[in-house]
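Shown next, in structure tokens, is the structure this report addresses.
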2 protein chains.
Amino acid sequence: MPTSRSYGDACGTARALDVVGERWALLVVRELLLGPQRFTDLRRALPAASSNLVADRLRELESHGVIRRRKLPPPAGSQVYELTAWGRDLEPILLALGDWGTRGPLPPEPSSLSATSALLNLRSYARPAPEAPPATCQIELDDRAWTAEIAAGQVRITPAGPARPDASLRTDPRTLLAMLGNPGALEVAISDGRAETSGDPQVLRVLLENSAFPTG
Amino acid sequence: MPTSRSYGDACGTARALDVVGERWALLVVRELLLGPQRFTDLRRALPAASSNLVADRLRELESHGVIRRRKLPPPAGSQVYELTAWGRDLEPILLALGDWGTRGPLPPEPSSLSATSALLNLRSYARPAPEAPPATCQIELDDRAWTAEIAAGQVRITPAGPARPDASLRTDPRTLLAMLGNPGALEVAISDGRAETSGDPQVLRVLLENSAFPTG
DNA sequence: CCGCATCCGTTTCGATACTG
DNA sequence: CAGTATCGAAACGGATGCGG
């Protein structure tokens with residue numbers, strides 16, 4: 001049964017927290033920032049959240065107008081969840097909250113790293129040379145594939161792999177994050193077996209070098 | 001006993017939510033945005049939160065480095081809670097979240113409005129004429145007093161009333177909010193008995209007119 | 001397999017009462 | 001004033017079930 005607990009405060013902050021303040025709600029929104037996702041994708045992205053929790057949060061977020069349930073056109077036929085325009089407005093807030101969290105004096109505990117989180121950081125902090133030619137790269141993390149399009153010094157990330165990428169990279173979220181702003185980490189990861197690549201190596205170099213990722 | 005539940009995700013957003021994602025945590029932070037507060041002040045500002053909850057959240061926020069407990073110098077002798085530098089970094093995020101919440105399609109339920117919230121909105125959206133002379137105004141809401149300093153088109157708000165304000169306004173949070181960008185609402189509120197003023201009426205007019213508060 | 005719903009033990013919340 | 005103690009209610013988290 002979905003949560004219906006309110007702070008009873010007309011303040012905008014309290015009303016926002018009535019909508020996205022429940023446990024896991026903002027992480028569900030984060031998972032949808034890169035594009036629509038199916039229920040099972042969300043469960044795999046948030047393995048620590050139980051299935052009923054995810055179902056409850058999706059219902060609440062939908063009823064509050066943050067996300068929307070959509071039926072994919074045949075032959076896919078399956079259902080996906082996607083952000084509404086209002087839900088997408090949370091993106092800068094979530095990114096700011098993420099930056100705030102990484103600046104904190106918390107001990108860097110050993111824990112997992114979500115693929116979406118790594119990709120959001122890649123998109124935020126990658127600084128591909130603006131003069132580099134546009135390119136398309138497939139990134140596989142946690143057995144799921146995304147497309148990174150490099151153009152005009154920007155990176156766009158969308159779900160699902162492209163038909164014919166210029167380059168391809170398979171690794172884990174933490175290793176990907178470690179590569180940001182760390183030229184050479186890619187080669188090390190490949191020789192360690194933590195990463196595999198194919199296609200044009202130069203494309204990956206453009207994507208990963210020159211990042212503005214805050215180190216330490 | 002304080003909560004010690006983690007999302008187990010190294011993502012910055014998840015780590016931020018480990019710190020300020022518990023129920024009431026962000027509202028406690030919001031109450032401290034305008035300055036240090038005593039335990040009792042926080043309880044009065046958040047009447048729907050039970051005392052043990054407030055105590056738990058303060059302990060957690062302190063142990064995570066968001067707030068700090070400070071002993072006031074004699075003769076006050078009492079204890080106050082204040083934001084650390086890291087905690088103050090949450091201010092733009094909280095303001096953005098508040099804006100997001102007010103933009104939502106939620107029905108405007110009848111509920112209370114926190115004094116801090118009204119004052120944060122006043123500070124954010126007041127557009128006092130830059131050429132107006134600097135002035136100091138006392139604002140009393142919910143039996144507590146704040147100081148609003150008007151200077152150079154900006155408004156600064158601090159706890160506690162000034163010794164000799166140029167003007168004084170006593171009302172309730174919702175009425176104050178309704179006055180923003182609503183010239184004439186002040187007079188109506190006064191004749192309704194929902195507001196009382198003293199001192200230079202022009203100072204209050206400068207403070208409340210020309211606001212950029214989003215209406216509707 | 002996907003998309004949940006149900007059951008159940010544990011944790012947290014929220015209200016009231018109480019103490020230094 | 002500044003919290004702590006207690007307790008019933010609700011939410012969480014994990015396991016399992018079940019129709020499509």
Side-chain angles (χ1 to χ4, degrees), chain A residues 1-9 14 17-28 31-32 36-63 67-72 74-82 112 143-144, chain B residues 1-9 14 17-28 31-32 36-63 67-72 74-82 112 143-144:
Chain A
M1 189 193 309
T3 308
S4 68
R5 187 169 47 164
S6 164
Y7 286 102
D9 190 332
L17 292 173
D18 282 340
V19 174
V20 294
E22 296 290 329
R23 194 164 168 74
W24 291 106
L26 276 178
L27 293 181
V28 169
E31 288 304 320
L32 296 176
Q37 304 266 1
R38 292 174 304 171
F39 186 86
T40 308
D41 299 331
L42 293 170
R43 286 227 56 196
R44 289 209 297 175
L46 305 168
S50 56
S51 59
N52 51 20
L53 231 300
V54 175
D56 282 354
R57 290 297 165 271
L58 289 171
R59 246 193 310 275
E60 295 164 30
L61 291 171
E62 185 187 15
S63 78
I67 69 175
R68 169 192 317 131
R69 182 183 309 247
R70 192 160 55 87
K71 198 105 182 165
L72 284 183
S78 79
Q79 204 176 210
V80 292
Y81 296 90
E82 65 184 355
S112 70
D143 286 328
R144 290 204 58 210
Chain B
M1 188 193 309
T3 309
S4 68
R5 188 169 46 164
S6 166
Y7 286 102
D9 190 332
L17 291 174
D18 282 341
V19 175
V20 294
E22 296 291 330
R23 194 163 169 74
W24 292 106
L26 277 178
L27 293 181
V28 168
E31 288 303 320
L32 296 175
Q37 303 267 1
R38 292 175 302 171
F39 186 87
T40 308
D41 299 330
L42 292 170
R43 286 229 54 197
R44 288 210 296 175
L46 306 167
S50 55
S51 57
N52 51 19
L53 232 301
V54 175
D56 282 354
R57 290 299 165 268
L58 289 171
R59 247 192 309 275
E60 294 164 31
L61 291 170
E62 184 186 16
S63 80
I67 69 176
R68 169 192 316 132
R69 181 184 309 246
R70 192 160 54 88
K71 197 104 182 168
L72 285 183
S78 80
Q79 207 176 208
V80 292
Y81 296 89
E82 65 184 357
S112 70
D143 286 328
R144 289 203 59 209

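All values below come from the heavy atoms of this structure, side chains included, with hydrogens, waters and symmetry mates left out. Numbered from 1 within each chain, the chains take letters A, B, ... in sequence-line order.
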Exercise for review: Begin with the C-alpha distance, continue with both residues' side-chain angles, and end with the deciding distance and a verdict on side-chain contact (heavy atoms from CB on, under 4.5 Å) for A:V28 and A:V20.
Suggested key: CA-CA 10 Å; A:V28 169; A:V20 294; over 6 Å; no
Practice task
Using the side-chain contact (heavy atoms from CB on, under 4.5 Å) rule, take A:L42 and A:L58 through it: C-alpha gap first, then chi angles, then the decisive distance, then the call.
Solution key: CA-CA 10 Å; A:L42 293 170; A:L58 289 171; 3.8 Å; yes
Go through the steps to decide whether B:R23 and A:R23 satisfy the test side-chain contact (heavy atoms from CB on, under 4.5 Å), and finish with yes or no. CA-CA 8 Å; B:R23 194 163 169 74; A:R23 194 164 168 74; over 6 Å; no
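Classification of the A:F39-A:Y81 ring pair by plane angle, with boundaries at 30° and 60°, yields tilted.
Rounding to whole angstrom units, CG of residue B:D56 and C1' of C:dG14 are separated by 12 Å. Rounded to whole Å, atom C1' of D:dG3 lies 10 Å from atom CG of B:L58. Atom CZ in B:R69 sits about 11 Å away from atom P in D:dA2, given to the nearest Å. With rounding to whole Å, A:E60 atom CD is found 14 Å from C:dC4 atom P. When rounded to the nearest whole Å, the span between CD of B:Q37 and C1' of D:dC1 equals 15 Å. Spacing between atom CZ of B:R5 and atom C1' of C:dC13 amounts to 10 Å, rounded to whole angstrom units. Taking atom CG of residue B:L53 and atom P of nucleotide C:dC13, one finds them 6 Å apart after rounding to whole Å. In this structure, B:E22 places its CD atom 15 Å from P of D:dA11, rounding to the nearest Å.
Among the heavy atoms of the strands lying under 4.0 Å from B:S51 is at least one base atom, whether or not backbone atoms are also near. Backbone-only engagement by A:A48 is indicated by non-hydrogen atom pairs under 4.0 Å involving sugar-phosphate atoms exclusively. Within 4.0 Å (heavy atoms only), A:R23 reaches sugar-phosphate atoms of the nucleic acid but no base atom. Contacts of A:R59 with the nucleic acid, taken as non-hydrogen atoms under 4.0 Å apart, involve only primed sugar atoms and P, OP1 or OP2.
Contact annotation: A:W24 reaches the phosphate of D:dG13 (side-chain N/O to OP1 or OP2, under 4.0 Å). Contact between the side-chain N/O atoms of A:R57 and the OP1/OP2 oxygens of D:dC12 is found at a separation under 4.0 Å. Contact annotation: A:S78 side-chain N/O to C:dC2 OP1/OP2 distance is not under 4.0 Å. For A:Y81 and C:dC4, the shortest distance from a side-chain N or O to OP1 or OP2 is below 4.0 Å.
Classification of B:R59 and B:E62 as a salt-bridged pair fails, no side-chain N sitting under 4.0 Å from a carboxylate O.
If you check distances only, the side chain of A:N52 never reaches the base of D:dT16 with a donor-acceptor pair under 3.5 Å.
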